Amino acid sequence: MIFDVERAKRLQERLSRRVSLNDLDLGKVRYVAGLDVSYARNLGVGVAVLLTYPQLDPVEYVVVKGRVEVPYIPGLLAFREAPLLIKAIELLSIKPDLLVVDGHGVTHPRRFGIASHIGLVTDTASVGAAKSLLYGRVVDSGPERLIVVDDLVGGLVVKYGRREVYLSIGHRVSLDNLRVLSKTLFKHHDLPEPTYLADRVAKEVRAVEARR
DNA sequence: GCGACAG
DNA sequence: ATCTTGTCGC
C-alpha cells in the first residue's frame with residue numbers, strides 16, 4: 001500500500017489548528033454515537049451506533065464494510081479507520097450531537113487523533129475513548145487523573161471496573177465537558193456505553209464475515 | 001541509535 | 001485490531 005507518512009503528519013499538523021476546545025452545551029445533546037472498527041483480514045467493518053442522551057438507550061446502528069489498505073501506524077490511525085466511520089455516521093437517520101470515538105483526540109503527538117479528525121471532518125462535537133495511552137503523561141490532580149500534553153490538559157483517566165479508559169477532547173468539547181461525560185457516558189460496562197455497543201456490533205459482524 | 005507506540 | 005486454551009473472578 002502506498003501511503004505517504006510524512007504527508008499525513010503534515011496534514012494533521014495543519015488541521016489540528018482548527019480543533020476547537022470550546023465548551024459544548026450538554027443540555028442540548030439529544031443523541032450520541034459510538035464508533036468502532038473491527039477487521040476480518042483486509043475487510044474493515046465500521047460501525048456507528050446511535051443512542052439517546054443521557055438515557056443511553058440504543059436507537060439504531062449502521063454497518064459499513066470495505067477493504068482497508070492503509071496500515072496501522074501509531075499516530076496515524078485515522079487514515080486507516082476514519083473513512084469507514086465517516087460513511088457510517090452519514091448513513092445514520094439522525095445526526096448525532098456528539099461522537100464517542102475509539103481512540104484519542106488531542107492527546108496525540110500532533111494534537112489530532114482520530115476523535116479530533118472525525119469531529120472536524122463531520123463538523124460534530126467529539127471525544128476520544130481509548131483503552132491505553134498514546135501520548136502525553138498522566139498527572140494526579142486531587143481526585144482526578146489528567147492527561148497532559150505539553151502545556152495542555154487534553155483528557156482524563158477514568159476507571160469503572162477492570163480497565164482504565166483514557167477520555168480525551170476530540171473537537172468542540174472542553175475538559176469540563178469531559179468531566180461530566182466521564183460520569184454520564186458509563187452505564188453497564190467499564191467502557192462508555194456507546195463505545196461498548198459499537199464494539200460489540202463490529203465484532204459480531206466480523207465473526208460472521210470471518211467465515212466466508 | 002534506542003525506546004515508545006490508539007486500533 | 002487479530003491470533004488463541006484454559007483459567008481466574010464477579
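Just so it is clear: chains get the letters A, B, ... in the order the sequence lines come, proteins before strands, and each one is counted from 1. Please read all numbers here as calculations on a predicted model, not as lab measurements.
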Touch class at under 4.0 angstrom, heavy-atom based, for A:Leu85 against every strand present: nothing
Contact list for DNA chain B against residues 124-133 of chain A - heavy-atom distance below 4.0 Å: A:Ala130, A:Lys131, A:Ser132, A:Leu133
Distance (rounded to the nearest 0.5 Å) between A:Tyr31 OH and A:Gln55 CD: 9.5 Å
Integer-rounded Å distance: C:dC10 P and A:Tyr160 OH: 21 Å
Rounded distance (Å) that lies between atom P of B:dG7 and atom CD1 of A:Ile118: 14 Å
Rounded distance in Å - CZ (A:Arg162) to P (C:dC8): 13 Å
Nearest-Å distance for atom pair CZ/P, residues A:Arg110 and B:dC5: 15 Å
Aromatic plane relationship, A:His189 with A:Tyr196 - under 30° parallel, 30 to 60° tilted, over 60° perpendicular: parallel
Touch class at under 4.0 angstrom, heavy-atom based, for A:Arg206 against every strand present: sugar-phosphate
Candidate nucleotides B:dC5, C:dT2, B:dG7, ranked by approach to the side chain of A:Leu134 - the nearest: B:dC5
4.5 Å side-chain heavy-atom contact, A:Arg14 and A:Phe112: no
pair A:Arg163-A:Leu191: side-chain heavy atoms closer than 4.5 Å: yes
Sub-4.5 Å side-chain heavy-atom contact between A:Val106 and A:Leu21: yes
Residues A:Lys159, A:Val157; criterion side chain to side chain contact (heavy atoms under 4.5 Å, CB included); working and verdict: CA-CA 7 Å; A:Lys159 186 173 183 181; A:Val157 188; over 6 Å; no
For DNA chain C, stems built from three or more consecutive Watson-Crick or G-U wobble pairs below 3.5 Å: none
Rounded distance (Å) that lies between atom P of C:dC3 and atom CZ of A:Arg41: 9 Å
Ionic contact status for A:Arg172 with A:Asp123, cut-off 4.0 Å: yes
Nearest-angstrom distance from the residue atom CG of A:Leu43 to P of C:dT2: 12 Å
Listed nucleotide nearest any side-chain atom of A:Asp36, set B:dA6, B:dG7, C:dT2: B:dG7
Salt bridge present between A:Asp23 and A:Arg179 (N-O < 4.0 angstrom): no
Any side-chain donor near an acceptor of the partner, A:Ser20 and A:Asn22, under 3.5 Å: yes
A:Lys131, NZ: over 12 other non-hydrogen atoms inside 6.0 angstrom: yes
Same apolar cluster (I L V M F W Y, side chains within < 4.5 Å links), A:Tyr53/A:Leu167: yes
Whether A:Tyr72 stacks on the six-membered ring of B:dG7 base, 5.5 Å and 30° limits: yes
Rounded distance (Å) that lies between atom C1' of C:dG9 and atom CZ of A:Arg163: 16 Å
Worked verdict on A:Lys187 versus A:Asp57 for side chain to side chain contact (heavy atoms under 4.5 Å, CB included): CA-CA 10 Å; A:Lys187 195 175 184 182; A:Asp57 292 321; 3.5 Å; yes
Whole angstrom value for the distance that separates C1' of C:dT2 from CZ of A:Arg211: 16 Å
Nucleotide-level pairing of DNA chain B, given in dot-bracket where Watson-Crick and G-U pairs need both distances under 3.5 Å and | marks other strands: .......
